[in-house]
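Here the structure comes first, spelled out in structure tokens, and everything after it is commentary.
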Number of protein chains: 2
Amino acid sequence: MNMNHSDDLRDLMNNETSDLSKARLRAWLQILKVSRKIEGELREKMRIEFGSTLPRFDVLAALYRERDGMRMSELSKSLMVSNGNVTGIVDRLVGEGMLVRVPVENDRRASIVRLTEAGEKDFAERALVHEGWVSELFSDLSASDADGLIRILRTISHHNEAPHD
Amino acid sequence: MNMNHSDDLRDLMNNETSDLSKARLRAWLQILKVSRKIEGELREKMRIEFGSTLPRFDVLAALYRERDGMRMSELSKSLMVSNGNVTGIVDRLVGEGMLVRVPVENDRRASIVRLTEAGEKDFAERALVHEGWVSELFSDLSASDADGLIRILRTISHHNEAPHD
DNA sequence: CACAGATATTTCAAACTCAAAATATTTATG
DNA sequence: CATAAATATTTTGAGTTTGAAATATCTGTG
């Protein structure tokens with residue numbers, strides 16, 4: 001049973017916070033805890049097994065889904081990180097020979113970033129290993145709990161979706 | 001229904017990954033997505049409303065729960081970040097007058113970090129505002145979904161708990 | 001007591017991250 | 001066409017983060 005708008009308003013006016021508000025805070029703290037723990041584990045595995053980092057993996061993953069490449073701005077929006085952030089990571093991946101920057105016809109401001117053949121091959125292998133790590137870290141998560149988790153998280157995502165153009 | 005050990009083993013040997021493994025990966029990516037979006041929102045609010053940052057809030061929150069103060073190592077373990085990281089953040093918070101370092105009797109290696117009176121007062125106010133922000137960001141999350149979310153995330157946490165001493 | 005190993009913390013270099021400013025280019029408007 | 005506004009990206013400065021090395025101190029064993 002969801003709260004309606006006037007309930008929310010009453011909550012905001014109220015000095016002491018409601019039980020629901022506290023439950024939501026606990027939920028957020030638990031999300032944060034799991035997220036940090038799993039990220040820490042994955043970071044260490046990437047460092048040891050791949051000699052690489054999580055942010056680089058994320059960039060490669062995004063470009064593996066979009067084989068024709070993406071613009072810097074698309075990349076940063078898709079990863080939900082700042083524009084300037086992506087610049088540095090892409091620079092390093094270009095240096096490692098995983099990515100190339102391709103100029104865009106008719107728009108000399110922009111460039112498309114895409115995987116090199118080597119980058120594509122490397123990532124394909126890494127993605128399988130990565131999925132195995134995640135499945136192992138989540139091995140107590142049943143199929144139905146995975147679905148439940150995804151459903152609940154989506155309701156949160158959608159509420160906080162970026163406003164339409 | 002959970003997988004047993006030999007199912008996991010078969011999965012590892014198997015080149016193609018299972019549906020369950022893919023569901024777990026999707027769950028992880030959704031956790032990551034929500035976690036990033038909410039962190040971004042909170043970061044911005046903290047910057048604008050408090051002129052402060054998320055990591056500083058986290059340190060203050062931990063010390064607000066432990067009024068007698070914590071050692072640097074306890075702090076970094078509790079926040080799941082590296083030791084060296086906490087040093088820098090505590091340095092800044094000491095500079096802002098929110099924290100003090102107190103020497104530990106009988107152990108000159110260690111020091112206890114605790115809130116100053118001003119730090120305690122400031123944080124108490126901020127914590128209420130923060131809880132309101134979270135509740136607003138999670139306003140589509142019902143009480144039962146909050147509980148469900150917490151339950152599922154705890155099973156993941158527990159599996160990945162640090163091994164006992 | 002000597003001193004090897006353990007423990008607590010800081011320092012360090014490299015990478016990541018953000019927000020804002022700067023740069024370059026394109027588009028729209030008069 | 002001139003040029004203001006919009007767009008795409010990079011640069012910059014400050015802060016955060018990590019993992020490893022350095023420093024200081026403590027503890028247990030002989």
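Letters A, B, ... are given to chains in the order of the sequence lines, protein chains preceding strands, and every chain is numbered from 1.
With respect to A:Arg67 and A:Glu120, a salt bridge is recorded, a charged nitrogen being found less than 4.0 Å from a carboxylate O. Under a 4.0 Å N-O distance rule, the pair B:Glu96/B:Arg56 qualifies as a salt bridge. Using a 4.0 Å cut-off between charged side-chain N and carboxylate O, A:Arg36 and B:Asp58 make a salt bridge. Between A:Arg114 and A:Glu66 no salt bridge is recorded (no basic side-chain N to carboxylate O distance below 4.0 Å).
Closest-nucleotide positions on DNA chain C for B:Ala110 and B:Glu44 were compared, and the one nearer the 5' end corresponds to B:Ala110. Residues A:Arg47 and B:Pro55 both approach DNA chain D. Their nearest nucleotides, taken by heavy-atom distance, put B:Pro55 toward the 5′ side.
The shortest distance between side-chain heavy atoms of A:Met70 and A:Ile112 does not fall below 4.5 Å. Between B:Leu60 and B:Tyr64 there is no side-chain heavy-atom pair separated by less than 4.5 Å.
As rounded to whole Å, 15 Å separates atom C1' of D:dT25 from atom CD of B:Glu105. One can place CD1 of A:Ile48 at 13 Å from C1' of D:dT18, the figure rounded to the nearest angstrom. Between the P atom of C:dC18 and the CZ atom of B:Arg43 lies a distance of 6 Å, rounded to the nearest Å. In this structure, CG of B:Asp58 is placed 11 Å from P of D:dT16, rounded to the nearest angstrom. Atom-to-atom, CG of A:Asp107 to P of C:dA28 comes out at 12 Å; the value is rounded to the nearest Å. The distance between atom CE of B:Met46 and atom P of D:dT16, rounded to the nearest whole Å, is 12 Å. Atom-to-atom, CG of A:Asn106 to C1' of D:dT7 comes out at 15 Å; the value is rounded to the nearest Å. D:dA14 atom C1' lies 16 Å from atom CG of B:Leu54, rounded to whole Å.
Dashed line: the shortest gap from a side-chain N or O of B:Arg56 to OP1 or OP2 of D:dT16 is under 4.0 Å. For the pair A:Arg108 and D:dT7, the criterion of a side-chain N or O lying under 4.0 Å from OP1 or OP2 is not met. Distances shown here put every side-chain N or O of B:Ser111 at or beyond 4.0 Å from the OP1 or OP2 atom of C:dA8.
Under 3.5 Å, the side chain of A:Arg109 and the base of D:dT9 form no donor-acceptor pair of N or O atoms.
Heavy atoms of A:Arg36 sit nowhere under 4.0 angstrom from any nucleic acid atom.
Ring pair A:Phe57/A:Trp133: centre-to-centre distance not below 6.0 Å.
DNA chain D is contacted by B:Met80, B:Val81, B:Ser82, B:Gly84, B:Asn85, B:Ile89, B:Arg92 of residues 70-95 of chain B, taking any non-hydrogen atom closer than 4.0 Å.
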